Every structure is written in structure tokens, then in C-alpha cells.
Amino acid sequence: MSASNAKKQLLESFSRTTDEIFSLNEFEELIDSKKKIRIKYGVDVTSPYLHIGHAVNLWMMRELQDLGHKVVFLIGDFTTQIGDPTGRNNTRPIIPQSEIDKNAEEFIRQAKMVLRFDDPDLLEVRRNSEWFSKYQLSEFLKLLSMVTHSRLISRDMFQRRIKNQEDIYLHEMIYPILQGYDSYVLESDLTIIGSDQLFNEMLGRFYQQRFGQKPQVIITTKITQGIDGKAKQSKSLDNYIGLGHSSRDKFGRCMKVPDELILDYLKIYTKVPKEEIHMIEKEIVRDPMRWKKFLAEEIIKRYHDETSAKNEREWFENTFSKKITPKDIPVLEIGGSQWVAIDLVNKYFDNSKSSSEVRRLFKQGAVSVNGENISLFDASIEIMTGDVVKVGKRNWFKIKIVGN
RNA sequence: GGGGAGGUUCCCGAGUGGUCAAAGGGAACAGACUGUAAAUCUGUCGGCUCAGCCUUCGAAGGUUCGAAUCCUUCCCUCCCCA
């Protein structure tokens with residue numbers, strides 16, 4: 001393939017998930033230069049949960065890795081201690097270093113589902129405490145002297161807060177400066193981010209220029225609403241499909257996506273060709289569920305494999321459509337066959353639920369043994385190996401009586 | 001430094017001496033319907049040895065037969081002025 005073809009293909013591929021580029025010209029120049037691109041990937045490891053939205057950026061970086069470029073994976077261990085104010089209205093708790101290390105490890109574990117970590121030529125891990133922990137106040141003041149107050153508060157989030165007469169703490173204003181400075185230290189050529197990071201990374205460009213470096217290209221990526229159809233995906237709203245979720249959970253979560261979002265999800269979170277998506281667009285009204293399952297399979301294929309995708313689909317159809325009790329359910333080993341119903345359920349939940357809550361489940365008709373509803377929590381029941389107990393919509397367990 | 005407002009059950013938010021385990025909404029859970037979509041209906045939603053009892057309304061004391069509600073002290077948050 002010719003170089004210009006490769007470039008065309010890359011741009012084409014990127015356009016699918018790109019929101020904005022600063023700037024397209026500079027990006028093309030960068031590709032044309034044949035230089036090995038350094039892609040800064042800065043992460044705040046406050047909460048190490050990557051979802052398929054984050055992965056959009058990772059896949060773009062992976063594509064560049066496959067072309068021989070290098071991701072500089074920057075753990076913002078120093079800045080995490082300050083806490084990025086983005087989208088926050090209260091101060092973050094201070095996180096101890098040990099926690100940061102643990103989170104970083106978990107973060108990497110998930111990022112490995114997409115990025116290549118196996119080749120030091122394609123990825124290096126850095127921490128910004130490397131430079132900030134020994135940073136001199138005098139140097140820092142020099143950094144500050146380059147940026148004006150009005151520039152910092154021009155950020156939309158700060159504007160909003162000013163308008164709402166909310167506080168802006170000084171460390172929050174400093175955060176973008178430090179994040180920007182990272183770009184200079186790492187000699188970043190490119191960074192691929194969510195649009196909420198745009199302001200901070202723009203400061204990166206600014207500092208790079210001031211220090212005589214070529215400013216990094218910034219690509220912001222598209223985001224979708226979460227699986228609840230409301231806000232964007234987030235851990236706290238639990239409306240995300242996480243890389244850390246099992247293939248089964250991924251499937252289930254995909255099935256929760258509102259119909260109207262299926263096409264967007266296909267476009268942004270899978271590699272299904274454009275033409276095919278066009279075709280689906282015409283079909284989808286007729287049978288949205290079919291395409292939702294298709295989406296779920298595609299996502300699982302991407303992070304797991306084809307067999308899992310098929311299996312999870314089958315499991316889902318059997319369990320929820322055909323209402324067949326799944327085979328691979330947990331086994332509860334118990335000592336005898338005579339039980340008071342509530343004790344059995346408590347044992348399954350390992351006493352993690354209060355007994356009031358479990359009683360309610362009984363009262364509400366959520367508990368059954370072999371399909372037979374048990375509504376009295378204090379009912380005496382006789383059970384044997386192989387009996388299946390169901391609690392609520394999604395909890396089953398199988399009895400196994402072990403000798404004593 | 002001065003003045004003002006406030007801290008209620010997961011969240012928002014009512015409640016100003018008994019009828020308050022605390023309105024209403026959201027989230028969540030269960031049931032019906034169903035495509036683990038949307039919409040809808042019903043119920044639950046502090047704990048327990050559960051028709052009763054115990055612990056909650058920032059914290060600690062106090063007044064009272066009785067306090068989320070009144071008093072005192074303390075802690076915290078927010079707003080305005082300087």
C-alpha cells in the first residue's frame with residue numbers, strides 16, 4: 001500500500017470517532033513527516049474503571065501503534081493528588097500513593113485489552129511525579145507568569161461557576177497548567193482525549209510553543225449517552241459498559257441500551273463497516289432487538305472473542321427469552337436437607353443482605369424452588385441435591401448436599 | 001473582622017413539640033406486562049428474635065410525660081459586606 005493510501009485510510013478510520021482536531025493540517029503534516037509520533041496519554045487514576053467510551057481513544061492509539069508510533073502512557077500520580085476539577089463541584093479526597101499505585105495497575109490491566117504494552121518501542125509508562133515532585137517554586141512561578149488569569153477563567157467550566165457564584169479554588173486553576181506542562185516534558189506530538197480535557201491540553205500546546213517545541217495535535221473524540229440513554233457513561237451512574245465487565249455483563253448491558261442509541265453505538269464502539277451500518281439503519285425499525293444483539297456480539301468480539309460472543313448471545317436468549325434456567329449457575333453446598341427458607345437464601349447471599357431485605361423478597365414473591373414460589377420466609381422446606389433456587393430476576397443457585 | 005442562611009433516611013427535598021422510621025420526587029429492588037428498549041400499573045425501600053421492639057434527622061449535653069422540631073456548647077457548609 002502506498003504511503004498516501006495508508007494516510008487516507010487512517011484519516012478515514014479516525015473520522016469515524018473524531019469530534020474535533022486541532023488542527024487537521026498539523027495532523028496531516030505529522031503523518032507526512034514520517035516521524036515516529038509520540039502520543040501522550042495522560043490518565044488520572046482516581047478511579048480505574050475504563051469503559052468502551054474511553055476505549056474509543058485507546059483504539060485510535062492502538063491504530064497508531066500498529067503503524068509503529070509510540071504511546072506515552074502518563075500516570076498522573078502527582079496531579080491526581082491535587083484532583084482534576086473537571087466536572088466536579090466538590091473537592092476530591094486526597095488519595096494515598098499506595099492507592100494510586102494500585103489503581104494504576106488496575107488501569108493498565110484494562111488498557112491492555114486494547115493497547116500494546118509488550119513492546120517498549122510502542123509504549124512507555126511514565127509518571128508525572130518524576131518531574132513535579134522535585135519541581136522548584138521559582139520554576140513554577142515562571143510557568144505561572146506566562147498565563148493570565150483571564151485565560152484560565154475563560155474555560156467554560158470556570159465561566160459557569162462564576163456565573164453561578166460558585167467557588168473556584170486556586171489549585172483547580174493550577175491543574176490545567178500542570179497538565180499542560182506534562183505535554184512539554186514528554187514532547188508530546190499528539191494527544192487523543194475526551195472533549196472535557198480540551199482546555200487543559202490546549203495549555204499544553206501553549207507551553208510547548210512558549211518553550212520552543214512544536215505544539216501537540218489534539219484530537220477530541222465523540223461520546224455517546226450511557227446505556228440508560230441519559231448522561232454520558234460513568235462509573236458513578238453505573239450506566240457504562242466497562243472493559244472490566246465480564247462478557248456476560250457486557251452483553252446484558254448492551255441489551256439495556258435504548259433502541260435509538262444502537263446506531264450510534266455501532267458506529268462509535270465497533271468496527272462494523274459504514275456501509276453495513278447504513279444497511280442496518282434501514283432495517284432497524286423492523287427488528288431493533290436483532291440489531292441490539294448484533295451490537296452486543298460485536299462489542300464482545302472486540303474485547304473477548306467470537307466464541308464468547310456467540311455463547312453469551314445463546315445464554316441471553318435461553319435465559320431471558322426462553323426463560324430456561326441457565327446451567328452454569330453457582331452451587332450452594334449445604335449440610336442437610338431440612339431448611340427454614342430464609343436461612344437458605346441468607347446463606348446464598350452470605351448474609352450480605354439484611355434479613356429485613358430478604359424477608360421482603362419472600363413477601364414480594366421473588367423466591368422460588370424448582371419454579372415453585374415460596375412466599376413465607378419461615379416456611380420449612382425440604383430440599384435435595386440438584387434443586388434450583390431462584391431469587392429475583394437474576395439470581396439462581398443449585399443445591400448440593402454434602403455429607404457431614 | 002461584620003452580617004445572614006443552613007446541616008433530615010442512597011441523592012434531591014418537605015417537615016418546627018406528640019397522629020414521624022419521617023411528605024414528595026429520583027435512584028434502587030420485587031411483582032405484572034415485555035424485547036434485561038421505551039411506556040405503563042402495583043408494591044417495597046433503617047435494623048431486628050418483625051402485628052412488637054430497637055436505632056436514626058451534623059455532634060455532645062439539657063428542658064419536657066414526650067424532641068428531627070425548644071435551649072446550650074461544639075463541628076461543618078454556604079451566601080453577603082469589608
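Just the heavy atoms: all of them, side chains too, but no hydrogens, waters or symmetry mates, feed the values below. All values derive from a computational prediction rather than experimental measurement. The chains referred to below are lettered A, B, ... by the order of the sequence lines, with proteins before strands, and numbering in each begins at 1.
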inquiry  = For the P atoms, the ones on B:U56 and on B:G47, what distance do you get once it is rounded to whole angstrom?
reply    = 15 Å
request  = Grab the CG-C1' distance between A:L361 and B:C45 for me, whole Å please.
outcome  = 11 Å
message = Does the structure show a Watson-Crick or G-U wobble partner for B:U44, both distances under 3.5 Å? Name it, or say none.
response = B:A28
key: Atom-to-atom span, CG of A:N351 to P of B:U49 - whole angstrom   = 11 Å
task = Identify whether a stacking contact exists between A:F316 and B:U36, where the ring centres must be under 5.5 Å apart and the planes under 30° apart.
result = yes
inquiry  = It should be established whether A:S354 places a side-chain nitrogen or oxygen under 4.0 Å from OP1 or OP2 of nucleotide B:G47.
reply    = yes
request  = Using atom CZ of A:F294 as one end and atom C1' of B:G35 as the other, report the distance to the nearest whole Å.
outcome  = 18 Å
query = Is there a donor and acceptor pair, one atom on the side chain of A:Q364 and one on the base of B:G43, closer than 3.5 Å?
reply = yes
inquiry  = Using atom P in both nucleotides, what's the gap between B:U44 and B:A22 to the nearest angstrom?
reply    = 12 Å
ask   = Should B:U64 form a Watson-Crick or G-U wobble pair with both distances under 3.5 Å, which nucleotide is its partner?
value = none
ask   = For B:U36, which nucleotide in any strand shown is its Watson-Crick or wobble partner with both distances under 3.5 Å?
value = none
remark   = Any strand, both distances under 3.5 Å, Watson-Crick or G-U wobble: B:A51 pairs with none
ask   = Among A:L203, A:N128, A:V72, whose side chain to side chain contact (heavy atoms under 4.5 Å, CB included) with A:D182 holds?
value = A:N128
task = Could you check how far CD1 of A:I262 sits from P of B:A38, rounded to whole Å?
result = 12 Å
Of the listed nucleotides B:G47, B:U36, B:C50, the one nearest the side chain of A:R359 = B:C50
key: Validation row: A:Q65, A:L123 side chains within 4.5 angstrom (heavy atoms)   = yes
request  = With RNA chain B as reference, determine whether A:F320 or A:N395 sits nearer its 5' end, using the nearest nucleotide of each.
outcome  = A:N395
inquiry  = Over all strands shown, is A:R253 touching base, sugar-phosphate only, or nothing at heavy-atom distances under 4.0 angstrom?
reply    = nothing
Identity of whatever pairs with B:G6 - Watson-Crick or G-U, under 3.5 angstrom = B:C76
ask   = For the residue pair A:T307 and A:D305, what are the closest heavy atoms and their distance?
value = N-OD1, 3.0 Å
ask   = Across the strands shown, which category fits A:S356 at heavy-atom distances under 4.0 angstrom: base, sugar-phosphate, nothing?
value = base
task = Sticking with atom C1', work out how far B:C48 lies from B:G13, rounded to a whole angstrom.
result = 29 Å
ask   = Using purine N1 to pyrimidine N3 plus N6-O4 or O6-N4 for Watson-Crick, or N1-O2 and O6-N3 for G-U wobble, each under 3.5 Å, what pairs with B:C20?
value = none
query = What distance, rounded to whole Å, do you find between the two C1' atoms, one in B:C10 and one in B:C29?
reply = 13 Å
request  = Establish, with yes or no, whether the OP1 or OP2 oxygen of B:A30 is under 4.0 angstrom from a side-chain nitrogen or oxygen of A:K393.
outcome  = yes
remark   = The answer to which of A:K323 and A:A366 contacts RNA chain B further toward the 5' end, by nearest nucleotide, is A:A366
ask   = Is it true that A:D228 and A:K256 make a salt bridge, defined as a side-chain N closer than 4.0 Å to a carboxylate O?
value = no
task = Could you tell me whether A:Y348 and A:F397 have their ring centroids closer than 6.0 angstrom?
result = yes
query = Between B:G47 and A:R360, is there an OP1 or OP2 to side-chain N/O distance shorter than 4.0 Å?
reply = yes
ask   = In the strands shown, is B:U56 matched to any nucleotide by a Watson-Crick or G-U wobble pair with both distances under 3.5 Å, and which?
value = none
message = Work out how far the C1' atom of B:G61 is from that of B:G43, and round it to whole angstrom.
response = 42 Å
query = Starting at CZ of A:R394 and ending at C1' of B:A28, how long is that distance when rounded to a whole Å?
reply = 12 Å
note = Tightest non-hydrogen contact, residues A:I262 and A:V257, listed as N-CG1, 4.4 Å
message = Over all strands shown, is A:G252 touching base, sugar-phosphate only, or nothing at heavy-atom distances under 4.0 angstrom?
response = base
inquiry  = When the C1' atoms of B:C20 and B:A38 are compared, how many Å lie between them, rounded to an integer?
reply    = 38 Å
Any-strand Watson-Crick or G-U partner of B:U69, both distances under 3.5 Å = none
request  = Indicate, with a heavy-atom threshold strictly under 4.0 Å, whether A:T319 touches base, sugar-phosphate, or nothing.
outcome  = nothing
inquiry  = Can you check the distance between B:C54 and B:G66, where both ends of the measurement are the P atom (answer in whole Å)?
reply    = 15 Å
ask   = Any ion pair linking A:E312 and A:R248 (charged N to carboxylate O, less than 4.0 Å)?
value = yes
message = Is the distance from the ring center of A:H245 to that of A:Y240 below 6.0 Å?
response = yes
remark   = Rounded to whole Å, the CG-C1' distance (A:N318 to B:G35) equals 15 Å
query = Which value, in whole Å, describes the distance between the P atoms of nucleotides B:G46 and B:G25?
reply = 15 Å
Enumerate all atom pairs, one protein N or O and one N or O from nucleotides 52-56 of chain B, separated by less than 3.5 Å.
none

query = Could you give the NZ-to-C1' distance, from A:K363 to B:A51, as a whole number of Å?
reply = 10 Å
request  = Tell me whether the guanidinium CZ or amine NZ of A:R205 lies under 6.0 angstrom from the six-membered ring centre of A:Y184 and within 45° of its axis.
outcome  = no
B:C50 phosphate, OP1 or OP2, under 4.0 Å from A:S355 side-chain N/O = no
request  = Indicate, with a heavy-atom threshold strictly under 4.0 Å, whether A:P288 touches base, sugar-phosphate, or nothing.
outcome  = base
request  = Would you mind checking if A:R62 and A:D66 are paired as a salt bridge, meaning a charged N to carboxylate O distance below 4.0 Å?
outcome  = yes
key: Aromatic contact, A:Y135 with A:F78 (centres under 6.0 Å)   = no
task = Take atom CG of A:L261 and atom C1' of B:G35, then tell me their distance rounded to the nearest Å.
result = 16 Å
